[in-house]
S.K.: 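One structure is given below, represented as structure tokens, and several questions about it will come after.
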Amino acid sequence: MHALSHGTTSTPTTLAVPPALSLPLIEAAFPRRLHPYWPELQRTTRAWLREMRLMPADTVEEHADGLRYTDLMAGYYTGAPDEVMQAIADYSAWFFVWDDRHDRDIVHGRPAAWRRLKDRLHTALDRPADHLGHEDPVVAGLADSVRRLYGFLPDSWNARFARHFHTVIEAYDREFHNRTEGIVPTVEEYLELRRLTFAHWIWTDLLEPSAGRELPDAVRKHPAYRKAALLSQEFAAWYNDLCSLPKELAGSEVHNLGISLITHEGMSLEEAVADVRHRVEECISEFLTAEREALRFADGLDDGTVGGKETSAAVRACVGNMRNWFSSVYWFHHESGRYRVDSWEDRSTPPYVNNEAAGEK
């Protein structure tokens with residue numbers, strides 16, 4: 001079907017969304033928004049990728065804008081202060097580069113290089129200031145982006161973010177082992193691991209500096225808030241699986257919900273696609289209910305005190321951005337060159353990946 005995309009230009013463009021991937025409810029009920037800082041964000045993140053040597057200059061020039069990494073974040077954290085938006089966008093771009101490095105280390109059989117990188121990332125996450133000039137651009141890039149993220153909220157938020165990201169690094173290590181050994185996780189194993197490799201709680205944590213306030217544990221862990229947050233992330237992870245299934249089948253991947261369904265539930269490819277799509281659609285409808293409950297919860301936090309009013313406003317801002325995640329993720333997958341497998345010379349090797357830069361030397 002054709003859908004109107006209010007993307008990265010001032011003039012809306014019409015995109016052809018494949019029927020198997022089209023979600024009319026997203027297009028009708030989740031209007032797309034974009035942070036007003038986006039044009040500057042795109043330029044600055046592009047320059048940061050070059051400066052940090054995370055991509056070669058010619059790759060940045062040819063592919064960075066088309067990958068739409070900044071669009072994804074600018075469509076999510078729409079109310080964030082500009083400096084917070086910039087730090088999140090750089091961190092997100094870094095995350096994609098790290099994901100590609102992880103993939104290349106698997107494809108080229110570099111377990112020692114991966115283990116070395118994993119250990120360095122753990123260390124840089126805890127002491128970013130000590131790793132700003134690290135020889136490995138992926139280590140230095142994490143240090144630089146995280147150091148800035150750590151400057152917006154109290155140390156308690158920083159410690160939580162670090163704790164959550166340490167588990168993400170370890171989950172990537174489990175994925176490395178599975179892919180190296182050809183192990184396809186069961187559906188339940190995959191769903192548990194996917195919440196970590198997709199970094200559900202990292203993107204949820206980042207709602208707070210975007211809202212300008214750390215939320216108390218009792219608020220973050222309240223079922224109404226937590227359910228809405230989880231559904232927004234589950235949608236994103238499973239829709240990503242739906243869109244990236246051709247790319248990952250071409251690359252002999254083992255980590256995709258569709259692949260787990262085919263391998264362990266005996267489904268055909270068509271049945272697996274239908275199952276994943278059904279889960280995605282359920283996330284959307286369940287979120288609409290959870291969103292109402294979360295907003296009622298936010299209203300109840302306003303007890304007439306200054307603190308209550310501010311916490312209520314912060315929760316409403318976070319829930320509003322959870323809603324933004326649906327449209328931002330949806331359009332990202334149809335605009336980004338990251339998923340245009342059919343246009344690649346080699347369907348198993350993204351054109352924006354440089355194997356030498358990824359650690360061949």
Side-chain angles (χ1 to χ4, degrees), residues 30 33-38 40-41 70 72-92 94-95 125-126 128 144-168 195 198-233 236 287 290-329:
F30 292 79
R33 303 172 62 200
L34 203 61
H35 197 290
Y37 181 64
W38 173 80
E40 182 62 27
L41 184 73
T70 54
L72 178 63
M73 293 296 112
Y76 185 16
Y77 303 99
T78 60
D82 290 355
E83 64 271 23
V84 174
M85 185 73 262
Q86 186 66 66
I88 291 174
D90 290 349
Y91 170 74
S92 171
W94 171 87
F95 202 113
L125 183 60
D126 289 332
D144 183 77
S145 57
V146 165
R147 176 186 58 85
R148 285 182 285 148
L149 291 173
Y150 285 173
F152 299 123
L153 292 178
D155 289 344
S156 52
W157 183 91
N158 298 346
R160 183 191 349 136
F161 180 93
R163 185 171 67 252
H164 285 161
F165 198 65
H166 280 304
T167 65
V168 171
R195 290 181 181 128
F198 196 81
H200 280 24
W201 301 117
I202 289 294
W203 307 120
T204 302
D205 287 338
L206 289 169
L207 293 167
E208 294 168 68
S210 300
R213 188 177 183 87
E214 181 182 22
L215 297 177
D217 281 356
V219 172
R220 287 189 304 104
K221 295 179 180 180
H222 190 279
Y225 182 88
R226 194 169 179 87
K227 184 175 183 180
L230 181 60
L231 284 167
S232 74
Q233 294 298 319
F287 175 81
E291 178 187 37
R292 291 192 292 271
E293 294 173 355
L295 291 174
R296 280 197 294 270
F297 169 59
D299 289 342
L301 293 170
D302 187 351
D303 56 4
T305 65
V306 172
K309 183 176 182 179
E310 290 178 348
T311 301
S312 174
V315 170
R316 291 189 71 87
C318 290
V319 174
N321 280 338
M322 292 174 197
R323 161 174 274 273
N324 289 336
W325 195 222
F326 286 82
S327 60
S328 191
V329 164

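Treat the numbers as computed from the prediction; the structure is a model and nothing was measured.
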S.K.: Using 0.5 Å steps for rounding, measure from the CH2 atom of Trp325 to the OG1 atom of Thr204.
M.R.: 9.5 Å
S.K.: When you check the gap from the basic side-chain N to the acidic O, do Lys227 and Glu293 get nearer than 4.0 Å?
M.R.: no
S.K.: Can you label the angle between the Phe161 ring and the Phe165 ring as parallel, tilted or perpendicular, going by 30° and 60°?
M.R.: parallel
S.K.: Measure centre to centre between the rings of Tyr91 and Trp203, then say whether the value is under 6.0 Å.
M.R.: yes
S.K.: How many angstroms lie between atom OG of Ser312 and atom CZ of Phe297, to the nearest 0.5 angstrom?
M.R.: 9.5 Å
S.K.: When you compare the side chains of Asp90 and Gln86, does any donor N or O come within less than 3.5 Å of an acceptor on the partner?
M.R.: yes
S.K.: Under 6.0 Å from the ring centre and within 45 degrees of the ring axis: does the NZ or CZ of Arg323 meet both conditions for the six-membered ring of Phe287?
M.R.: no
S.K.: Does the Thr78 side chain pair with the main chain of Leu34, one donor and one acceptor, at a distance under 3.5 Å?
M.R.: no
S.K.: For a quick test of reading the model, state the closest non-hydrogen atom pair linking Arg147 to Asp144 and the distance between them.
M.R.: NH2-OD1, 3.2 Å
S.K.: With rounding to the nearest 0.5 Å, note down the distance linking CD in Glu214 to CZ in Phe152.
M.R.: 14.5 Å
S.K.: Between Ala298 and Arg316, what is the shortest heavy-atom contact and its length?
M.R.: CB-CG, 3.6 Å
S.K.: Counting N and O atoms only, with roles assigned by atom type, does the side chain of Ser328 sit under 3.5 Å from a partner on the main chain of Asn324, one being a donor and the other an acceptor?
M.R.: no
S.K.: So, does Trp157 use its side chain to make a donor-acceptor pair with the main chain of Asp205 at under 3.5 Å?
M.R.: yes
S.K.: Please report the C-alpha distance between Met73 and Met85 in whole Å, then the side-chain angles of each, then the deciding distance to 0.1 Å, and finally whether the side-chain contact (heavy atoms from CB on, under 4.5 Å) criterion is met.
M.R.: CA-CA 8 Å; Met73 293 296 112; Met85 185 73 262; 3.7 Å; yes
S.K.: Strictly below 4.0 Å, N to O, side chains only: are Arg220 and Asp217 in salt-bridge contact?
M.R.: yes
S.K.: Kindly say whether Tyr150 contributes a backbone atom to a donor-acceptor pair with the side chain of Asn158 at under 3.5 angstrom?
M.R.: yes
S.K.: What do the steps show when you test Leu231 against Glu291 for side-chain contact (heavy atoms from CB on, under 4.5 Å), and what is the final call?
M.R.: CA-CA 10 Å; Leu231 284 167; Glu291 178 187 37; over 6 Å; no
S.K.: Once rounded to the nearest 0.5 Å, what's the spacing between atom NZ of Lys221 and atom OH of Tyr225?
M.R.: 13.0 Å
S.K.: Considering all heavy atoms of both residues, which atom of Ala314 and which atom of Ala211 are nearest to each other, and what is their separation?
M.R.: O-CB, 3.9 Å
S.K.: His200 vs Phe198 aromatic rings, parallel, tilted or perpendicular, using cut-offs 30° and 60°?
M.R.: perpendicular
S.K.: Measure the spacing between OH of Tyr77 and OG of Ser92 and express it to the nearest 0.5 Å.
M.R.: 8.0 Å
S.K.: So which heavy atom on Ala162 is nearest to which on Asp126, and how close?
M.R.: CB-OD1, 4.3 Å
S.K.: Is there a side-chain contact between Arg226 and Trp201 in this structure, where contact means two heavy atoms from C-beta onward sitting under 4.5 Å apart?
M.R.: yes
S.K.: From Arg33 CZ over to Asn321 CG, what is the distance, rounded to the nearest 0.5 angstrom?
M.R.: 7.0 Å
S.K.: Can a donor-acceptor pair be found, under 3.5 Å and without considering hydrogens, that links the side chain of Thr311 to the backbone of Gly308?
M.R.: no
S.K.: Look only at the side chain of Glu208 and the backbone of Leu215, and say whether a donor-acceptor pair between them is shorter than 3.5 Å.
M.R.: yes
S.K.: Are Tyr76 and Leu207 side-chain neighbours, meaning at least one heavy-atom pair lies under 4.5 Å?
M.R.: yes
